[in-house]
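Below you'll find the structure, written out as structure tokens, and then a few comments.
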There are 2 protein chains.
Amino acid sequence: MNIKEAAARSDLPPKTIRYYEEIGLIAPQRDLNGYRRFAEADLHRLTFLSRARALGFSIEECRTLLALWADRSRASADVKRLAQGHLTAIEAKIADLKAMHDTLSGLVAACAGDGRPDCPILHRLAPENETQRSNG
Amino acid sequence: MNIKEAAARSDLPPKTIRYYEEIGLIAPQRDLNGYRRFAEADLHRLTFLSRARALGFSIEECRTLLALWADRSRASADVKRLAQGHLTAIEAKIADLKAMHDTLSGLVAACAGDGRPDCPILHRLAPENETQRSNG
DNA sequence: CCTTGACCTTCCAGTTACGGGAACCCCTAT
DNA sequence: ATAGGGGTTCCCGTAACTGGAAGGTCAAGG
């Protein structure tokens with residue numbers, strides 16, 4: 001199949017597929033006219049990549065996962081370690097975002113949001129009031 | 001003060017401060033020797049930026065916030081709208097990350113993590129099993 | 001045979017918000 | 001004079017693509 005069908009079936013944009021070839025994640029054959037020809041095996045790799053990316057794995061993590069997937073003698077411990085590391089990173093990001101969210105939602109709630117200039121959000125950001133900070 | 005002290009007092013790296021000048025967020029004076037000279041007003045802007053960035057506002061949002069802060073006749077509604085938009089974006093990111101987290105933590109828990117090759121994580125990513133997917 | 005339109009190709013630039021490092025200048029103390 | 005610890009500019013690299021330009025290919029229609 002050509003790139004457009006591979007894109008549709010893997011749920012990845014053609015541009016992304018070309019990029020994945022460029023960085024060596026896939027290596028489809030070429031037709032005489034230069035068009036990429038995707039075999040089922042290529043499509044499987046693309047689908048694998050699509051799902052791994054959807055779970056937030058980085059490209060380099062995906063590269064490792066692909067290698068582990070291809071290695072019939074892999075240890076599941078290696079996969080688990082990688083996934084656990086990613087999971088921990090996700091948890092850290094969530095914690096960061098939740099802290100921002102808590103602070104910001106309080107400020108938004110406290111802001112009148114009318115035509116007057118007084119605003120607790122700006123007040124919180126302004127460096128005059130060093131004392132009443134609690135977070136940030 | 002010189003850049004190092006401004007950096008220490010605003011809790012921003014010198015590189016970041018130079019970058020902020022380059023993109024027009026600050027405009028410190030220069031000494032005859034070419035060194036940047038930071039007045040208190042510059043430091044206030046840097047501190048404001050430091051806090052806004054810590055709350056996750058993008059550079060362009062910070063630019064707007066600085067303008068609103070400087071505008072004594074602003075409407076708090078404008079600030080609130082911007083903050084609310086950012087808050088919504090944060091909530092969307094948290095939701096995405098939580099979805100990843102839920103899927104991934106289930107898979108990690110299900111993986112034996114021993115020397116055997118069988119692995120539910122890879123199984124979930126592999127495109128053979130189209131049916132038993134529940135989340136992607 | 002020619003054209004149109006939908007494909008495909010490569011290549012280059014831009015995105016976000018900086019960080020690293022080179023090459024070089026300035027200032028103070030010894 | 002020299003050593004060190006400032007400062008400066010400039011350029012490259014990051015992650016993972018996306019957009020767009022310039023141009024080749026292919027099937028269908030007139």
Side-chain angles (χ1 to χ4, degrees), chain A residues 1-38 42 45-46 48-66 85-86 89-90 92-93 96-97 100, chain B residues 1-39 42-43 45-46 48-66 85-86 89-90 92-93 96-97 100:
Chain A
M1 76 199 78
N2 280 351
I3 198 169
K4 202 186 185 193
E5 187 181 345
R9 290 176 59 183
S10 64
D11 200 27
L12 289 172
K15 279 275 194 182
T16 298
I17 295 178
R18 293 194 189 97
Y19 173 66
Y20 287 175
E21 183 188 21
E22 185 187 334
I23 64 176
L25 289 178
I26 54 168
Q29 295 294 111
R30 295 294 182 123
D31 280 347
L32 290 178
N33 59 15
Y35 287 20
R36 290 170 183 82
R37 169 146 310 280
F38 294 86
D42 296 315
R45 286 176 74 86
L46 287 174
F48 184 99
L49 286 166
S50 182
R51 293 183 187 174
R53 293 288 297 131
L55 285 179
F57 287 103
S58 74
I59 289 289
E60 287 314 308
E61 286 167 339
C62 288
R63 196 188 297 276
T64 302
L65 285 171
L66 272 176
H86 178 44
I90 286 177
K93 280 189 190 173
D96 280 1
L97 287 170
M100 291 179 190
Chain B
M1 76 199 77
N2 281 350
I3 198 168
K4 202 185 185 192
E5 187 181 346
R9 290 177 59 185
S10 64
D11 200 26
L12 290 171
K15 278 274 192 183
T16 297
I17 296 178
R18 293 194 189 99
Y19 173 66
Y20 287 174
E21 184 188 22
E22 185 187 332
I23 64 176
L25 289 178
I26 54 168
Q29 295 293 111
R30 297 292 182 124
D31 279 349
L32 291 178
N33 58 16
Y35 287 20
R36 290 171 183 81
R37 171 145 309 279
F38 294 86
D42 297 315
L43 191 63
R45 287 176 72 86
L46 287 174
F48 184 100
L49 286 165
S50 181
R51 293 184 188 174
R53 292 286 298 131
L55 286 179
F57 287 103
S58 73
I59 290 288
E60 288 313 308
E61 286 167 339
C62 288
R63 196 187 298 275
T64 302
L65 285 170
L66 272 176
H86 178 44
I90 287 176
K93 278 189 193 175
D96 280 1
L97 288 170
M100 290 179 191

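As the structure is a computational prediction, the values presented were derived from the model and not from experiment. A note on names: the letters A, B, ... follow the listed sequences, proteins ahead of strands, and every chain is numbered from 1. Just so it is clear, the values below take in all heavy atoms, side chains as well, and ignore hydrogens, waters and symmetry mates.
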Review point. So what does B/Pro13 touch, heavy atoms closer than 4.0 Å: a base, only the sugar-phosphate, or nothing?
Key: sugar-phosphate

Check your understanding: Which part of the nucleic acid does A/Ile3 contact within heavy-atom distance under 4.0 Å: base, sugar-phosphate only, or nothing?
Key -> sugar-phosphate

Review point. Are B/Glu21 and B/Arg18 close enough for a salt bridge, meaning some N to O gap below 4.0 Å?
Key: no

Give the rounded distance in Å between these two atoms: [atom1] of [X] and [atom2] of [N].
{"X": "B/Glu60", "N": "C/dG14", "atom1": "CD", "atom2": "C1'", "answer": "14 Å"}
{"X": "A/Ile17", "N": "D/dA16", "atom1": "CD1", "atom2": "C1'", "answer": "15 Å"}
{"X": "A/Glu21", "N": "C/dC8", "atom1": "CD", "atom2": "P", "answer": "14 Å"}
{"X": "B/Ile23", "N": "C/dT16", "atom1": "CD1", "atom2": "P", "answer": "10 Å"}
{"X": "B/Leu25", "N": "C/dT16", "atom1": "CG", "atom2": "P", "answer": "13 Å"}
{"X": "B/Arg18", "N": "C/dG19", "atom1": "CZ", "atom2": "P", "answer": "11 Å"}
{"X": "A/Glu22", "N": "C/dA13", "atom1": "CD", "atom2": "P", "answer": "14 Å"}
{"X": "A/Asn2", "N": "C/dT9", "atom1": "CG", "atom2": "P", "answer": "7 Å"}

Taking side chain as C-beta onward, heavy atoms only, is [X] less than 4.5 Å from [Y]?
{"X": "A/Tyr19", "Y": "A/Leu25", "answer": "no"}
{"X": "A/Thr64", "Y": "A/Glu61", "answer": "no"}
{"X": "A/Ile26", "Y": "A/Phe38", "answer": "yes"}

Can you see if the side chain of [X] gets near the phosphate of [N] - specifically, an N or O under 4.0 Å from OP1 or OP2?
{"X": "B/Arg30", "N": "D/dT9", "answer": "yes"}
{"X": "A/Arg53", "N": "D/dC17", "answer": "yes"}
{"X": "B/Arg36", "N": "D/dG7", "answer": "no"}
{"X": "B/Thr16", "N": "C/dG19", "answer": "yes"}
{"X": "B/Tyr20", "N": "C/dC18", "answer": "yes"}
{"X": "B/Lys4", "N": "D/dG6", "answer": "yes"}
{"X": "B/Asn33", "N": "D/dT8", "answer": "no"}

Check your understanding: Distance-only, no hydrogens or angles: does the B/Asn33 side chain make a donor-acceptor pair with backbone N or O of B/Tyr35 under 3.5 Å?
Key -> yes

Practice item. Kindly say whether, by distance alone, the side chain of B/Tyr35 makes a donor-acceptor pair under 3.5 Å with the base of D/dG6? Key: yes

Point to revise | Closest to the A/Lys15 side chain, choosing from D/dC17, D/dG19, C/dT9 | key: D/dG19

Study note, to complete from the structure: Of the listed C/dA17, C/dT9, D/dC17, the closest approach to the B/Tyr19 side chain comes from C/dA17

